[in-house]
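Here's the structure, in structure tokens; my notes come after.
Every chain is numbered from 1 and lettered A, B, ... according to where its sequence line falls, protein lines coming before strand lines. These numbers come from the heavy atoms of this one structure, side chains and all, not from hydrogens, waters or symmetry mates.
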Protein chains: 2
Amino acid sequence: MIKIVNIRDIAKKAQVSVATVSHVINKTRHVSDELIDRVVKAMMELDYQPNLLAGSLRRKKSSTIGLIIPDSSNMLFSGVEKNIEDILFSQNYNVIVCNSAYDIGRELEHLNTLRSKMVDGVIIVPATMDGKHLEKFRNIGIPIIILDRMIPDINEDTVLVDNYKGGYDAAKYLLSLGHTDVGYIDRISDHSHSLERKKGFAKAFEEQGLFFDTNNIVRGGFTFNAGIEAVKKLLEENSRITAIFTFNDINAFGAIRGLADLGLKVPEDISVIGYDGTPLSEIYIPRLTTVRYPIIEMADVVSKLLLKRIAEPVFKKAIKKIIPPELIIRESTRSK
Amino acid sequence: MIKIVNIRDIAKKAQVSVATVSHVINKTRHVSDELIDRVVKAMMELDYQPNLLAGSLRRKKSSTIGLIIPDSSNMLFSGVEKNIEDILFSQNYNVIVCNSAYDIGRELEHLNTLRSKMVDGVIIVPATMDGKHLEKFRNIGIPIIILDRMIPDINEDTVLVDNYKGGYDAAKYLLSLGHTDVGYIDRISDHSHSLERKKGFAKAFEEQGLFFDTNNIVRGGFTFNAGIEAVKKLLEENSRITAIFTFNDINAFGAIRGLADLGLKVPEDISVIGYDGTPLSEIYIPRLTTVRYPIIEMADVVSKLLLKRIAEPVFKKAIKKIIPPELIIRESTRSK
DNA sequence: ATGAAAGCGCTAACAG
DNA sequence: CTGTTAGCGCTTTCAT
């Protein structure tokens with residue numbers, strides 16, 4: 001094993017005390033120019049790199065935070081991750097990325113490890129709706145911010161996306177185009193995201209004195225194939241449909257494909273709106289009208305909130321932030 | 001600040017020595033059942049979580065590794081990242097993810113921080129072709145594996161994708177379909193990836209006694225728009241082209257769009273082959289024939305190699321692994 | 001303006 | 001089978 005150069009070696013070489021070395025490294029008290037020079041020189045010569053682990057242990061602050069997401073290969077999450085890393089890096093933090101794989105057991109394991117590694121805070125997109133362990137985690141003294149999930153019966157810092165608005169905006173836009181018979185592809189099981197969207201969607205109809213017929217809702221997975229299936233079912237049941245709102249972009253692509261199979265063109269025959277605004281949505285033919293998930297804003301808000309919590313750890317009441325998504329109008333929709 | 005429960009507290013509560021506590025935690029020497037019980041009970045009651053930072057400092061092993069990639073929101077990298085995290089997690093490692101943003105300065109900063117945080121190893125997709133600092137890093141005693149980049153004049157462990165084969169397979173397939181006039185969209189500046197691919201591509205022509213006309217190469221960016229532009233230039237210069245090989249999938253989508261603008265259909269009028277095999281390639285219409293980048297295999301090989309290096313740190317000579325990509329035939333190609 | 005020394009929480013060599 | 005104790009490399013109080 002290679003000898004690790006430490007602060008003591010520097011002190012000896014520079015003929016000063018270890019305290020002085022530490023202080024010049026951290027600029028934490030005044031040191032005469034002469035000593036600074038000697039120390040810096042010694043550090044250079046020995047290729048010294050401070051041991052942050054030792055420092056963290058002493059200081060009880062690791063300058064690393066944990067990010068737990070269900071799946072870092074999902075574009076939504078990887079986008080958030082990248083931006084979080086960017087912001088935090090600029091504040092001298094590193095991020096340990098953990099995949100829960102939508103499994104609460106793994107989530108818990110990761111939480112424990114992160115605690116053990118003394119992270120200064122964590123950002124989490126929880127795997128499930130269960131949040132007892134998150135509360136417990138914060139009680140331990142480590143700030144934790146929940147991202148993009150409404151965990152019921154819990155009072156923790158949360159950064160949410162306004163999915164109600166997402167649904168509302170989509171419906172309102174479709175209505176403005178004259179579409180009143182619209183199909184709705186929902187996820188298989190309810191979930192705050194889908195519930196909110198649906199509420200907003202129906203609200204827009206209401207405001208026009210119309211009624212959104214829930215018979216026009218079909219449930220499917222998040223996948224391309226689910227979109228294909230869904231569209232067929234939808235049109236079988238109601239042939240008057242002139243527009244379709246989907247749960248995500250991939251789903252929308254599937255819908256478009258399914259429609260093509262039926263001999264229907266988008267947007268000429270039927271309009272389609274996606275959700276998420278992943279990069280592909282602007283590449284697809286037709287370019288997809290979609291509700292953009294505010295990835296960058298989420299990363300920004302959640303990072304800053306966490307930083308704030310780390311700086312002022314007193315937790316009196318939970319902070320909630322809600323970020324609006326944005327309707328992006330492109331080529332897959334047109335007036336009736 | 002909340003009092004952190006430590007091994008001493010457990011020892012006191014369980015009426016044993018700290019050594020015993022440490023040993024039951026780490027199962028590192030035999031302890032009588034009775035004492036184990038007492039210790040475990042004490043740990044539960046005090047909600048004890050070992051401080052891994054302290055352990056790491058002592059053991060000189062942090063059980064965390066660093067992953068430096070240019071951009072974790074790029075699907076290729078996020079895919080690799082996810083799989084690396086998965087494998088390493090199963091071996092009790094965490095991964096600190098760092099984005100270099102293709103900037104060598106940032107890369108260096110990250111390397112230094114990782115060193116300071118005593119990571120047990122790093123996996124890096126270097127930002128540039130410069131690798132002096134990587135060599136230096138390993139000399140310090142921390143294993144480092146270079147992923148998906150051929151760094152010249154350097155003798156370090158490397159996991160590469162066989163881009164030569166990628167180009168070769170694509171060309172061979174196109175030729176088998178009868179396409180001899182094929183356009184080639186290349187990246188703007190040369191780079192081992194593009195060079196290898198081109199070589200392999202030309203080789204397949206040679207093997208058939210043909211000659212790949214480099215006048216059919218057009219350079220563009222990685223983007224959708226670049227694909228559009230490129231295709232137009234390509235067909236202006238050589239109207240006999242019946243197939244196009246692109247640098248990546250997005251590029252291919254652009255090409256398809258550009259072709260559509262020109263009134264040409266894929267694959268009826270012209271065949272298009274992409275590269276990367278990102279999920280969108282199987283969703284696009286037409287479903288894209290592409291050379292799949294072996295994301296999962298890369299993660300697997302690189303993780304295991306790193307683990308091996310950590311286990312046996314003696315570095316005698318660099319290990320090189322080459323992983324073949326895979327041609328996936330779908331709908332965007334057809335015989336002439 | 002500088003230094004000595006205690007101690008962060010843990011591991012492991014040594015001693016029994 | 002168990003305990004005592006010396007550090008890992010650093011920060012920071014206390015003293016000068």
- Begin with the C-alpha distance, continue with both residues' side-chain angles, and end with the deciding distance and a verdict on salt bridge (charged side-chain N to carboxylate O under 4.0 Å, His left out) for A/Asp86 and B/Arg106. CA-CA 11 Å; A/Asp86 254 28; B/Arg106 259 175 96 151; 3.1 Å; yes
- Message: Under 4.0 Å from OP1 or OP2 of C/dT11: is there any side-chain N or O of B/Asn26 that close?
- Response: yes
- When all nucleic acid strands are considered with a 4.0 Å heavy-atom cut-off, which category describes A/Leu53: base, sugar-phosphate, or nothing? nothing
- Looking only at side-chain N and O atoms, does B/Thr20 come under 4.0 Å of OP1 or OP2 in D/dG3? yes
- Do side-chain atoms of A/Glu107 reach the backbone of A/Ala127 as a donor and acceptor pair under 3.5 angstrom? yes
- Note on the structure: Regarding the side chain of B/Ile7, the nearest nucleotide among C/dT11, D/dC10, D/dT2 is C/dT11
- Task: Just call it for B/Val31: base, sugar-phosphate, or nothing, with non-hydrogen atoms closer than 4.0 Å on any strand.
- Result: sugar-phosphate
- Toward the 5' end of DNA chain D, which comes first, B/Arg58 or B/Ser17, by nearest nucleotide? B/Ser17
- Which whole-number value in Å describes the distance from B/His23 NE2 to C/dA12 P? 7 Å
- Message: Go nucleotide by nucleotide along DNA chain C from the 5' end; which of B/Ala19 and B/Ala54 gets its closest nucleotide reached first?
- Response: B/Ala54
- Spacing between A/Ile4 atom CD1 and D/dG7 atom C1', to the nearest angstrom: 14 Å
- Nearest whole angstrom, please: distance from the P of C/dC10 to the CD1 of B/Ile10. 9 Å
- Query: Does OP1 or OP2 of C/dT2 have a side-chain N or O of A/Ser32 closer than 4.0 Å?
  - Reply: yes
- Item | Nucleotide nearest B/Arg29 when distance is taken to its side chain, options C/dC8, C/dC10, D/dT2 | D/dT2
- Message: Less than 6.0 angstrom from the centroid, inside 45 degrees of the normal: does B/Arg138 satisfy that with respect to the ring of B/Phe315?
- Response: yes
- Item | Criterion salt bridge (charged side-chain N to carboxylate O under 4.0 Å, His left out) on A/Arg309 and A/Asp157, from CA distance to verdict | CA-CA 9 Å; A/Arg309 279 301 193 193; A/Asp157 295 338; 2.5 Å; yes
- Query: D/dT2 C1' sits how many Å from B/Glu34 CD, rounded?
  - Reply: 12 Å
- Item | Spacing between B/Leu35 atom CG and D/dG3 atom C1', to the nearest angstrom | 11 Å
- Please state whether the phosphate of D/dC8, meaning OP1 or OP2, lies under 4.0 angstrom from any side-chain nitrogen or oxygen of A/Asn51. no
- Task: Grab the CE-C1' distance between A/Met118 and D/dT11 for me, whole Å please.
- Result: 13 Å
- Query: Over how many whole Å does the gap from A/Lys27 atom NZ to D/dT12 atom C1' extend?
  - Reply: 18 Å
- Just by distance, do the side chain of B/Ser56 and the backbone of B/Leu52 share a donor-acceptor pair under 3.5 Å? yes
- Query: Taking OP1 and OP2 of C/dG9, is either one under 4.0 Å from a side-chain nitrogen or oxygen of A/Lys60?
  - Reply: yes
- Query: Among D/dT11, D/dC10, C/dG3, which is the nearest nucleotide to the side chain of A/Val16?
  - Reply: C/dG3
- Task: Would you mind reading off the distance between B/Arg59 atom CZ and C/dC10 atom P, rounded to a whole angstrom?
- Result: 11 Å
